[in-house]
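Order of appearance sets the numbers: ligands from 1, and atoms from 1 within every ligand.
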Amino acid sequence: MYRMGKEEADAAARVIESGELFRVNHGAQETAHFELELAQKMGSKYALCVSEGTTALMSALAGLGVRPGDEVIVPTYTYIATASAVLAVGAIPILADIDDSLTLSPVAVERAITSRTRAILPVHMAGMPCDMDALSLLAKKHGLFLIEDACQAVGGSYKGRHLGTIGDAGAMSFNYFKIISAGEGGALLTSNEMVYKRASIYHDSGAAFWPYTEDRDVPFFVGCAARVSEITGAILRVQLTRLDGILKDLRRIRRQILDESRGLVPIRSNDIDGDCGINAAFRFETEEEARCFAKKAGGWLPIDSDRHIFYNWEPVMSHRGAFCDEMNPYLMSLNSASQPDYSRESFRSSLDLLARTVYISMNPNWSEAEVEQVIHRINA
Ligand SMILES: *Cc1c(COP(=O)(O)O)cnc(C)c1O
């Protein structure tokens with residue numbers, strides 16, 4: 001969350017004063033409007049607002065029919081939610097290395113494909129676009145679904161197309177740490193009507209009772225509970241109007257910092273213009289050099305972000321994929337042919353890249369003087 005203020009407070013107050021807090025009622029329809037506005041802005045046929053990015057990913061996977069017996073390829077560098085969403089639908093997350101862009105390596109993905117692979121799940125980490133051309137080609141060649149985790153990349157793009165709309169489905173997060181936020185929240189994007197219908201059933205297990213489900217021609221099934229309140233919808237409508245301004249300022253400041261920092265090597269980007277500009281990222285020869293620079297310049301190393309490195313996903317690493325053995329995908333007979341490799345030795349290349357990268361985190365609200373200060377620290 002970068003910007004929030006009176007407009008959001010007023011929007012939430014209007015919902016509370018109207019008494020129409022339930023999205024299914026024919027009241028203010030804030031959430032329904034948000035979904036239309038988001039879909040239109042991103043260039044997707046459908047958007048479904050849900051409770052978190054994780055439930056958006058789960059809805060995408062369930063919408064596409066990913067299930068026990070399937071493997072889904074995820075990167076070594078992402079939040080645990082990417083892997084836990086795969087487990088939530090009974091499938092097995094298979095790790096693949098990142099490349100020097102810090103996003104999923106198409107070469108590593110191709111090596112990880114087996115006869116059980118059903119989907120590739122690239123993550124646009126910290127707003128950095130994945131190599132979607134190469135990944136789309138791979139998905140097509142091997143007949144796999146492509147699901148984008150755009151939770152950290154709302155508003156980013158790759159070759160002019162918004163992240164989250166390039167694959168079969170995409171997931172966004174609006175939790176507290178994301179570019180726009182309602183404290184919690186998420187959205188599924190897809191242009192596939194069947195995926196949208198199945199995802200909307202999945203995200204609202206009780207949906208069979210609501211009037212808006214009357215036109216559903218897909219059989220109902222039990223899913224999860226990820227419906228949002230109208231307060232979330234109302235706040236997100238305001239946040240969406242702030243998105244362009246936030247990205248413009250993040251990108252402007254990052255551009256200035258990259259242009260004016262001397263003697264440093266920025267990491268490779270698959271599309272620097274579409275990158276959200278959350279961090280300026282530099283690559284060093286050694287971890288020692290990276291640490292020395294980070295300390296002096298006020299930066300940090302992605303290898304130190306505990307939540308985002310695969311070996312810190314404790315429940316995944318220890319194969320506890322559910323609350324009981326019977327529902328644990330790692331113990332299901334349908335998954336017995338899958339032997340996922342989660343060892344550190346197999347992913348040295350990812351860990352090496354993350355240990356030699358330094359992020360300087362941007363703030364779109366910095367004044368010109370504050371930006372100058374950051375550049376001064378970097379060059380010192
Ligand atoms: C934030 C995030 C998610 C989802 O998080 P929620 O808290 O469920 O919204 C998923 N993937 C990545 C890469 C994230 O950063």
Side-chain angles (χ1 to χ4, degrees), residues 1-2 34 38 47-62 66 72-89 91 93 95-96 98 101-104 119-130 132 135 146-156 158 163-164 166-167 169-189 199 202-203 223-229 232-233 235-236 239 270 275-279 281 300 302-313 315-316 350 354 359 361:
M1 181 188 90
Y2 291 110
F34 171 67
L38 182 69
L48 177 72
C49 188
V50 297
S51 56
E52 302 95 9
T54 310
T55 44
L57 282 167
M58 287 158 60
S59 305
L61 288 156
V66 176
V72 178
I73 299 174
V74 305
T76 49
Y77 175 47
T78 178
Y79 181 50
I80 184 174
T82 315
S84 50
V86 173
L87 290 164
V89 298
L95 292 176
I98 51 169
S101 69
L102 299 190
T103 62
L104 194 57
I120 308 172
L121 213 173
V123 182
H124 309 294
M125 273 302 276
M128 303 182 289
C130 298
M132 293 309 291
L135 294 168
L146 189 58
I147 304 162
E148 297 172 75
D149 181 334
C151 286
Q152 298 192 8
V154 176
Y158 174 81
L163 303 178
I166 301 166
M172 295 185 159
S173 171
F174 309 118
N175 87 17
Y176 177 77
F177 300 100
K178 308 301 178 179
I179 298 174
I180 57 171
S181 178
E184 295 285 5
L188 161 114
L189 298 175
Y202 180 82
H203 101 292
C224 71
R227 207 174 50 226
V228 299
S229 101
T232 296
I235 293 172
L236 288 174
Q239 283 278 293
N270 290 307
D275 184 303
C276 296
I278 292 169
N279 299 303
W300 57 285
I303 193 79
D304 293 337
S305 99
D306 51 352
R307 289 188 283 264
H308 298 120
I309 315 291
F310 72 93
Y311 55 67
N312 293 319
W313 308 338
V316 176
S350 298
L354 293 164
Y359 285 153
S361 296

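Using a 4.5 Å heavy-atom cutoff, the side chains of Leu135 and Ile166 are not in contact. Asp304 places none of its side-chain heavy atoms less than 4.5 Å from the side chain of Tyr359. Side-chain contact between Pro302 and Tyr77 is present, with at least one heavy-atom pair separated by less than 4.5 Å. Looking at Leu104 and Ile120, their side chains come closer than 4.5 Å, going by heavy atoms from C-beta outward.
Separation of the Phe174 and Phe34 ring centroids falls under the 6.0 Å cut-off.
For the pair Lys178 and ligand 1, a heavy-atom separation below 4.0 Å is found.
Ligand 1 has an N or O atom lying under 3.5 Å from an N or O atom of Gly53, backbone or side chain. Between Asp149 and ligand 1, a contact under 3.5 Å exists for at least one N or O pair. Checking only distances, Glu184 never comes within under 3.5 Å of ligand 1, N or O to N or O. Checked by distance only, ligand 1 and Ser173 come closer than 3.5 Å through their nitrogen or oxygen atoms. Residue Thr55 has no nitrogen or oxygen atom sitting less than 3.5 Å from a nitrogen or oxygen atom of ligand 1, judged on distance alone.
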Check step by step if side chain to side chain contact (heavy atoms under 4.5 Å, CB included) holds for Leu57 and Asp149.
CA-CA 7 Å; Leu57 282 167; Asp149 181 334; 3.6 Å; yes
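Pro122 and Ile147 make their closest contact through CD-O, 3.1 Å (heavy atoms, listed as atom of the first residue, atom of the second, distance).
In this structure, the protein non-hydrogen atom closest to atom 13 (C) of ligand 1 is Thr78 OG1, 3.3 Å. The closest protein non-hydrogen atom to atom 10 (C) of ligand 1 is Cys151 SG, 3.4 Å. Looking only at protein heavy atoms, the nearest one to atom 8 (O) of ligand 1 is Thr54 OG1, 2.5 Å.
To the nearest 0.5 angstrom, His203 atom NE2 is 12.0 Å from Met58 atom CE.
Only the side chain of Asn175 comes within 4.0 Å of ligand 1, counting heavy atoms alone; its backbone N, CA, C and O stay farther away. Contacts with ligand 1 closer than 4.0 Å are made by side-chain heavy atoms of Gln152 only, the backbone lying farther away.
Close contacts between ligand 1 and Thr82 involve ligand atoms 11 (N) [criterion: under 4.0 Å to a heavy atom]. The Val123 neighbourhood of ligand 1 comprises atoms 13 (C), with distances under 4.0 Å to a heavy atom of that residue.
Sparse packing is recorded around OH of Tyr176, with 12 or fewer heavy atoms of other residues, nucleotides or ligands lying under 6.0 Å away.
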